[in-house]
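Below you'll find the structure, written out as structure tokens, and then a few comments.
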Amino acid sequence: MQNFSGVGVSPGRIIGQIRQMPKPLIEPADGELRADSTTLDQAASALRLAAAAVEADLTTRALAAHGEAREVLEATAQMAVDPMLHDAAVDVLSQGRSAERAIWEAGASVAQMLVNLGGYLAERATDVLDVRARIVAELRGVAAPGVPESATPFILVADDLAPADTATLDPAKVLALLTAGGGPQSHTAIIARALGLPAVVAAAGVDELPGGTLIYLDGASGAITVDLGPDEIAAADAWARANATLAVFDGDGRTADGHRIPLLANVGGSADALAAAGAGAQGVGLLRTEFCFLGRDTEPTVAEQIAAYRGVLDAFPGKKVVVRTLDAGADKPLPFVTDATEPNPALGVRGYRIVGTSRGVLERQLSAIAAAAADSTADVWVMAPMISTAEEAGQFAALAAAAGLKTPGVMVEVPSAALTAEAILSHVEFVSLGTNDLTQYAMAADRQLGPLSGLNTPWQPAVLQLVRLTVAGAQAEGRGKSVGKPVGVCGEAAADPALAVVLVGLGVASLSMTARALAAVAAVLSSVTLAEARALAQLALAAPSADDARAAVRARLPLLDELGL
Ligand SMILES: C=C(OP(=O)(O)O)C(=O)O
Ligand SMILES: [Mg+2]
């Protein structure tokens with residue numbers, strides 16, 4: 001059978017059987033009619049049988065689950081045989097519609113009714129829609145939507161994974177992720193790194209592989225091998241051994257000659273923060289506050305915000321925590337601030353820009369951050385996303401000061417900010433490079449698109465130059481002062497151990513990443529002196545292409561191969 005190649009986005013070499021994520025269910029056509037040969041009674045009983053099968057399946061899964069997951073599955077199982085849903089479907093059936101169309105329409109009207117009732121019941125609307133899709137799949141004899149069930153661990157293969165799919169992944173069951181679509185900064189890639197799962201994206205054709213196929217996946221090189229030999233078995237064994245040594249970070253990021261580089265964590269809420277603290281993170285370099293409120297239709301109250309931020313601060317007493325104000329828009333829309341009709345959301349009202357369109361939201365958020373900080377021993381820094389000009393940085397600093405926050409900073413994730421870093425830093429205390437967006441905007445390549453993954457890498461010469469210019473801007477701003485203002489990195493580039501060394505060589509003062517990457521980055525960083533890191537940075541800057549830069553640096557970091565990174 002043919003081998004495949006994609007873009008490696010989360011390292012790890014693994015052999016396992018694949019399970020295909022079912023294709024998204026297609027809605028039964030509006031007006032789809034029942035076959036003439038099927039009576040109303042026959043259609044109603046087919047519907048009842050399909051619903052009972054869905055109930056049985058969900059109940060079996062509930063029995064194997066624990067805690068909250070069990071309760072959710074039990075409740076969803078009951079929903080499958082809910083008499084109100086069934087009666088509504090029979091009503092539609094009696095108008096001559098097919099069983100699939102009947103349950104589809106009945107599910108929509110029951111879900112709408114729950115939404116109208118509001119509160120807890122409104123939250124059940126998604127369960128009804130999930131159950132309706134499962135019943136349609138059962139009636140059609142195709143696999144139910146969602147992550148497939150399996151008694152044994154497997155490599156999950158999909159076209160691409162949505163945030164809702166990745167949220168239900170069980171890391172004990174899923175060995176690795178492999179997608180035909182998606183890009184290096186897509187949700188699949190970010191979640192894989194956060195869960196520590198090896199992953200390859202943009203491997204065209206893998207979604208056609210038969211379920212159960214045994215494959216070898218290399219999450220660093222992007223290679224997928226279907227014809228396994230002794231080399232693949234040895235590589236997977238070596239990775240399993242090396243991975244065990246990469247499980248611990250001693251909480252002190254430094255180069256071989258003892259130059260300290262704090263290694264911080266990117267988190268989306270208190271659960272992440274607790275895990276990051278457990279993994280030795282020296283603080284939080286990026287709290288993505290929008291992740292605390294994804295899916296909310298309304299602005300969280302100040303009290304709700306204080307509680308969410310306090311949960312993160314409490315995990316890091318006495319340590320630095322950089323709280324980023326809402327970065328809503330583009331790939332992270334929040335209905336209460338995002339205009340869903342924007343023609344070009346990545347270039348739209350995103351991040352800090354909501355200050356001009358959603359009056360008071362930023363001010364209320366800053367006051368919530370200040371209140372949470374006042375109650376905490378954490379060293380709270382506050383940072384604005386999507387800053388394009390020095391004026392915006394100045395306005396943000398003024399708003400932060402008005403809220404009583406002392407350490408304002410901004411992200412450098414738009415090329416204009418990198419080019420004007422000196423002026424920006426005259427207004428704020430620090431900057432943090434968001435290499436995910438900086439790459440997307442420098443290369444004019446949507447960060448979510450697999451076909452553009454060659455452009456969309458922070459190894460691109462243009463992106464490395466923008467990092468260099470940002471550091472140069474900070475140095476110019478600090479000239480004549482006893483201490484300069486720090487430039488950190490909180491984009492995914494910091495989680496790539498080879499690139500982390502280059503960033504340090506370019507003059508970056510701290511690195512923030514998914515907690516899972518801390519140990520690997522710390523190990524590789526401590527294998528080079530600062531002078532060696534600087535030499536590697538020069539090598540990368542001099543390379544004619546992203547691939548050349550990566551290959552030249554990797555060739556001089558033998559530890560990467562030894563550790564399977
Ligand atoms: C860290 C970044 O922000 P986000 O990924 O949340 O857009 C970035 O753009 O690099
Ligand atoms: Mg960003």
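Counting starts at 1 for both ligands and their atoms, following the listed order.
Looking at L438 against ligand 1, nothing comes within 4.0 Å, counting heavy atoms. At a heavy-atom cutoff of 4.0 Å, ligand 1 is contacted by no atom of M386, backbone or side chain. Heavy atoms of Q440 found under 4.0 angstrom from ligand 1: none, in either backbone or side chain. Contacts between M411 and ligand 1 below 4.0 angstrom, taking non-hydrogen atoms only, involve the side chain exclusively. Within the 4.0 Å heavy-atom criterion, neither part of L433 lies near ligand 1.
Counting heavy atoms from C-beta on, the side chains of D252 and R260 come closer than 4.5 Å.
The backbone N or O of V9 lies less than 3.5 Å from a partner atom in the side chain of R193, making a donor-acceptor pair. Counting only distance, with no hydrogens or angles, the side chain of S545 and the backbone of D548 share a donor-acceptor pair below 3.5 Å. Put simply, the side chain of S270 never gets that close to the backbone of V312: no donor and acceptor are under 3.5 Å apart.
Here E363 does not pair with R359 in a salt bridge; the nearest charged N to carboxylate O distance is not below 4.0 Å. Under the 4.0 Å criterion applied to side-chain N and carboxylate O atoms, K319 and D379 are not assigned as salt-bridge partners. Checked for salt-bridge contact, D339 and R350 miss the test: no charged N lies under 4.0 Å from a carboxylate O. A salt bridge links D561 with R13: the closest approach of a Lys/Arg side-chain nitrogen to an acidic carboxylate oxygen falls below 4.0 angstrom.
Between R447 and ligand 1 there is a heavy-atom distance shorter than 4.0 Å. The closest approach between any non-hydrogen atom of M513 and ligand 1 is not below 4.0 Å.
Distance from atom 3 (O) of ligand 1 to its nearest protein heavy atom, with residue and atom name: R324 NH1, 3.0 Å. Among protein heavy atoms, atom 4 (P) of ligand 1 sits closest to K332 NZ, 3.3 Å. For atom 1 (C) of ligand 1, the nearest protein heavy atom (residue, atom name, distance) is C490 O, 3.4 Å.
The ligand atoms of ligand 1 that sit less than 4.0 angstrom from a heavy atom of R350 are 7 (O). Close approach of ligand 1 to L286 is summarised as follows: ligand atoms under 4.0 Å from at least one heavy atom of the residue are 1 (C). Heavy-atom proximity to G491, at under 4.0 Å, picks out these atoms of ligand 1: 1 (C), 10 (O). Under a 4.0 Å criterion applied to the non-hydrogen atoms of D327, ligand 1 contributes the atoms 7 (O).
In this structure, CG on L326 lies 13.5 Å from OH on Y352, to the nearest 0.5 angstrom.
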From CA spacing to verdict: salt bridge (Lys or Arg N to Asp or Glu O under 4.0 Å), D327, R288: CA-CA 7 Å; D327 183 24; R288 288 183 164 106; over 6 Å; no
Chi angles and distances behind the salt bridge (Lys or Arg N to Asp or Glu O under 4.0 Å) call for E532, R556: CA-CA 10 Å; E532 285 165 345; R556 282 166 184 76; over 6 Å; no
Chi angles and distances behind the side chain to side chain donor-acceptor pair (under 3.5 Å) call for E304, Y309: CA-CA 9 Å; E304 283 173 320; Y309 309 148; over 6 Å; no
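Each protein N/O/S atom under 2.8 Å from the Mg ion (ligand 2) was counted, for a total of 2.
Relative orientation of the F430 and W381 rings is tilted, given thresholds of 30° and 60° on the angle between their planes.
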